[in-house]
Amino acid sequence: MNAINHAATALIINKKWPGVPIVPVLLSVQLVEFLWVVFNLLGIEVTTTELQVRALNDIHLAYMPYSHSIAATVVLAFTVWVVVAKLFEKPIWGLALAVAVSSHIALDLATHVHDIAIAPGIESPKFGSGLYGVPLLALVVETIYGVWCWWVFRGSRALLAVIVLFNLAALSFYSPSIHGPEYLLAGRPRIFAALIGMHIIAGLVAVGYFARSQWRDAASAGSYRAV
Ligand SMILES: [Zn+2]
């Protein structure tokens, strides 16, 4: 899923648990993807491309069981919960952050082709709705999801514009007939991973910045509930 829509999930988490600090929430919704970037850059996980990349369905997330498998996410979310809820004695924070971590794989399962394994070492079956097999439809669905997050959060118009513009900016990646920078990624999966890393950070910063006044309001409103 496009980074901005994962980032928008933090709006939902914040609405549900307003006392939980937003920076760890933002980092948690993309923790799985940060791991994917690092593992790809290190060669631990593998991405391949077609000889020509016309849209994101020409890029294949061939091997990513450590970042994007169901078991890896369960372990990661549980670890986050143990550390935050037990070690730091913040049970509500722990729950919210574990849900934020888990949201990533739930959204990827709802959009990816069949590329998400059950666990490392289990090659098949792999899961995914297959939506990314029809990229333009995926873009529409993703954008609706991002806007829904904004609507639930009751965000500003600027925040709405940011979510929509980030999605529109990725249009060429979602349409084989629209030429864009994705052509340059053929045979360069590590550059793709590095770009995704930058895209993640840009999406998180954009959502964090354009919702900043409401984060503060929410934090003060919910602080008494979050202890
Ligand atoms: Zn992902």
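Remember, it's a predicted structure, so these values are computed and weren't measured experimentally. Start at 1 and go down the list; that is how both ligands and their atoms are numbered. Both backbone and side-chain heavy atoms feed into the values below; hydrogens, waters and symmetry mates do not. Sequential numbering from 1 along the given sequence is applied to the chain's residues.
Taking the Zn ion (ligand 1) as reference, the nearest N/O/S atom within Glu33 carries the name OE1. The Zn ion (ligand 1) sits nearest to atom NE2 when only the N, O or S atoms of His68 are considered. For Asp108, the N, O or S atom with the smallest separation from the Zn ion (ligand 1) is OD2.
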Which pairs would a plain distance check flag for residues 95-103, meaning a side-chain donor or acceptor within less than 3.5 Å of a matching protein atom at least two apart in sequence or in another chain?
{"from": "Ser102", "atom 1": "OG", "to": "Ala98", "atom 2": "O", "distance (Å)": "2.8"}
{"from": "Ser103", "atom 1": "OG", "to": "Ala100", "atom 2": "O", "distance (Å)": "2.6"}

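Listed by first and then second residue, the ring pair (Phe, Tyr, Trp, His ring centres under 6.0 Å) pairs that reach into residues 45-67 come to none, sequence neighbours excluded.
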Apply the test side chain to side chain contact (heavy atoms under 4.5 Å, CB included) to residues Ile4 and Leu165: give CA-CA distance (whole Å), side-chain angles for both, the deciding distance (0.1 Å), then the verdict. CA-CA 10 Å; Ile4 194 70; Leu165 285 175; over 6 Å; no
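Put simply, CG on Leu109 and NE2 on His68 are 9.5 Å apart, with the number rounded to the nearest 0.5 Å.
Residue His6 does not count as close to the Zn ion (ligand 1), with no N, O or S atom under 2.8 Å.
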